[in-house]
Amino acid sequence: MAGIPIRFGIIGCAEIARKVSRAIQLAPNATVSAVASRSFDKAANFAKANGFPPDTKIYGSYESLLDDPDIDAVYLPLPTSLHLKWAVLTAQKKKHLLTEKPVALSVAEFDQILKACEENGVQIMDGTMWVHNPRTHKMKQFLNDKEQFGQLRTVNSCFTFFADPDFLKNDIRVKPDLDALGALGDAGWYGIRSILWAADYELPKTVTAIRNPVLNEADVLLECGASLLWADGKIATFHCSFLSNLTMNLTAIGTLGTLHLTDFIIPYQEHQASYTTSAKPGFNELVTGWVQLPSEHTVTVDLPQEACMVREFANLVANIKKNGAQPDKKWPTISRKTQLVLDAVKASMEKDFQPVEIVG
């Protein structure tokens with residue numbers, strides 16, 4: 001939508017906020033208007049280091065930013081344990097909310113956030129960037145092609161990276177008081193979302209955590225996985241880890257075709273992204289090779305995927321501000337389903353790795 005850009009305030013100076021603040025500045029319908037930290041100097045240094053506009057307001061408390069009447073929306077990159085408090089306050093201040101994932105420590109917490117957003121008429125979206133990449137739309141077209149892909153049968157998703165000793169000791173994602181969900185909340189969120197995306201966001205019937213997850217001495221997950229089962233027989237698995245080589249694989253297998261990519265969360269290159277499809281393959285007469293070989297497809301994008309996310313979010317906010325539209329329910333519904341599955345993985349671990357039924 002043309003017109004005055006949506007004015008963002010950033011609460012917290014986390015590392016991920018560097019990437020998203022750049023995205024806000026790249027998006028044609030958004031701008032960084034303010035940044036807040038618990039330290040004025042930290043906020044000022046963050047604004048300078050990341051090239052914020054010279055008129056960006058600097059705040060030494062989160063509350064001060066939320067009280068600014070000139071801020072339309074808030075980007076919230078705080079640790080997960082702080083989401084409930086600050087997301088609810090953001091909504092109560094009538095600020096639209098782009099929040100980091102995982103959205104909360106549990107679906108019960110997220111429901112409190114949703115209630116505040118609904119009561120105050122504000123848009124909420126989580127910061128899962130890859131779903132906004134134009135590549136993702138093209139891949140979905142293939143999955144929806146009944147002649148080439150058929151019916152979805154299996155999804156396998158893997159996101160791992162090898163964390164260094166400093167990360168494993170000091171990063172917020174291994175601290176029980178900050179991000180108690182550990183690798184499940186950070187890396188597992190992407191695996192769960194990718195599976196739901198492939199399944200048209202149909203929730204599975206049951207979720208079963210895989211045995212022998214790895215936890216640190218504070219009982220925070222460093223590595224885990226789960227299997228998901230649908231009533232029609234579809235199955236899916238995901239694996240997430242802070243202890244294995246950087247891998248971002250996603251494979252969706254249908255009755256007729258297969259989709260595969262090895263960089264589904266962060267593309268190898270910022271302005272183009274590829275994926276491979278295979279449709280109705282077979283073997284040659286002597287079974288010494290394949291016929292109908294897989295094909296690679298490359299999608300060129302005008303904006304990085306995180307800027308596409310900001311552009312989409314800002315469009316929704318602008319529609320509410322200018323046209324009196326109701327907040328879009330698509331994105332919070334997807335967030336909630338992702339959190340539901342995440343909760344079920346945790347519950348399965350607590351129940352000796354037995355299947356846990358999903359109740360939507």
Side-chain angles (χ1 to χ4, degrees), residues 1-14 16-37 43-44 46-47 50-78 82-101 103 113-129 132 303-332 334-335:
M1 292 184 179
I4 300 173
I6 297 302
R7 300 162 296 183
F8 275 82
I10 299 172
I11 290 183
C13 300
I16 188 64
R18 296 178 59 235
K19 182 175 183 177
V20 177
S21 63
R22 172 178 177 260
I24 294 170
Q25 296 178 89
L26 287 173
N29 56 351
T31 187
V32 176
S33 290
V35 60
S37 175
F46 185 84
N50 290 283
F52 289 1
D55 59 348
T56 300
K57 299 175 184 178
I58 309 298
Y59 291 110
S61 73
Y62 303 155
E63 294 91 344
S64 299
L65 186 148
L66 292 179
D67 286 333
D68 187 336
D70 296 326
I71 300 299
D72 301 310
V74 164
Y75 167 58
L76 191 70
L78 297 176
L82 300 178
H83 283 193
L84 176 58
K85 174 182 177 179
W86 292 105
V88 168
L89 282 174
T90 297
Q92 289 173 343
K93 295 291 185 177
K94 311 293 186 183
K95 313 294 187 191
H96 302 277
L97 179 62
L98 178 62
T99 182
E100 266 312 316
K101 31 62 56 187
V103 289
I113 295 171
L114 280 182
K115 183 173 183 286
C117 290
E118 290 169 357
E119 289 176 348
N120 290 280
V122 302
Q123 182 68 51
I124 181 171
M125 177 189 285
D126 75 55
T128 308
M129 303 169 185
H132 300 274
L303 288 173
Q305 61 184 18
E306 57 271 17
C308 292
M309 174 184 72
V310 171
R311 179 174 60 187
E312 166 72 7
F313 178 75
N315 273 338
L316 294 174
V317 173
N319 196 27
I320 295 167
K321 283 191 64 181
K322 298 173 184 177
N323 302 321
Q326 292 298 309
D328 185 90
K329 292 185 177 181
K330 170 187 173 180
W331 295 110
I334 290 171
S335 298

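The basis for the numbers below is simple: all heavy atoms, side chains too, and nothing from hydrogens, waters or symmetry mates.
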I'd like to check the side-chain hydrogen bond (donor to acceptor under 3.5 Å, both in side chains) partners of Y59; sequence neighbours left out, ordered by chain and number. D68
Per the salt bridge (Lys or Arg N to Asp or Glu O under 4.0 Å) rule, what does the pair list look like for residues 308-317, sequence neighbours excluded? D302-R311
Which distance, rounded to the nearest 0.5 Å, do you find between the CD of Q326 and the CD of Q123? 10.5 Å
To the nearest 0.5 Å, what is the distance between CD1 on I58 and OG on S64? 12.0 Å
Test N50 against R22 for side-chain contact (heavy atoms from CB on, under 4.5 Å), laying out the working first. CA-CA 7 Å; N50 290 283; R22 172 178 177 260; over 6 Å; no
Is there a side-chain contact between I71 and K57 in this structure, where contact means two heavy atoms from C-beta onward sitting under 4.5 Å apart? no
The side chain to side chain contact (heavy atoms under 4.5 Å, CB included) partners of A87 (sequence neighbours excluded) come to L76, L97, I113
For a 4.5 angstrom cut-off between non-hydrogen side-chain atoms, does L66 reach Q92? no
With a 4.5 Å cut-off on side-chain heavy atoms, are I320 and P327 touching? yes
For D55, which residues count as a side-chain hydrogen bond (donor to acceptor under 3.5 Å, both in side chains) partner, sequence neighbours excluded? none
Closest non-hydrogen atom pair between A17 and I10, with its separation: CB-CG2, 4.3 Å
Which atom of Q25 lies closest to which atom of P53, heavy atoms considered: OE1-CD, 3.7 Å
Rounded to the nearest 0.5 Å, what's the gap from CD1 on I4 to CG on N29? Could you check? 12.5 Å
I'd like to check the side chain to side chain contact (heavy atoms under 4.5 Å, CB included) partners of A307; sequence neighbours left out, ordered by chain and number. A23, L26, L303, P304
Under the rule for ring pair (Phe, Tyr, Trp, His ring centres under 6.0 Å), what residues qualify as partners of H132, not counting sequence neighbours? W331
So CZ of F313 and OH of Y75: to nearest 0.5 Å the spacing works out to 11.5 Å
Applying side-chain hydrogen bond (donor to acceptor under 3.5 Å, both in side chains) to Q305 and not counting sequence neighbours gives N133
To check you understand the geometry: which heavy-atom pair defines the closest contact between A30 and P5, and what is its length? N-CB, 3.7 Å
Run the side-chain contact (heavy atoms from CB on, under 4.5 Å) check on L89 and E63 step by step: do they pass? CA-CA 9 Å; L89 282 174; E63 294 91 344; 5.6 Å; no
On a heavy-atom basis, which atom in A36 and which in A43 lie closest, and how many Å separate them? C-CB, 4.2 Å
Return the set of residues passing side chain to side chain contact (heavy atoms under 4.5 Å, CB included) with K321 (not counting sequence neighbours), or none when no residue passes. I6, R7, D72, V317
In Å, rounded to the nearest 0.5 Å, how long is the span from OG1 of T99 to NZ of K101? 10.5 Å
Qualifying residues under ring pair (Phe, Tyr, Trp, His ring centres under 6.0 Å), relative to F52, sequence neighbours excluded: F46
Just do the side-chain contact (heavy atoms from CB on, under 4.5 Å) check on K95 and V122 with the steps written out, would you? CA-CA 6 Å; K95 313 294 187 191; V122 302; 5.9 Å; no
State which residues pass side-chain hydrogen bond (donor to acceptor under 3.5 Å, both in side chains) with K115; sequence neighbours excluded, sorted by chain then number. E119
Once salt bridge (charged side-chain N to carboxylate O under 4.0 Å, His left out) is applied, do any residues pair with D126, and if so which ones, sequence neighbours excluded? R193
Interatomic spacing from NZ in K93 to CG in L65 - rounded to 0.5 Å: 11.0 Å
Could you work out, with side chain to side chain contact (heavy atoms under 4.5 Å, CB included) as the rule, every residue matching L82, not counting sequence neighbours? L78, P79, W86
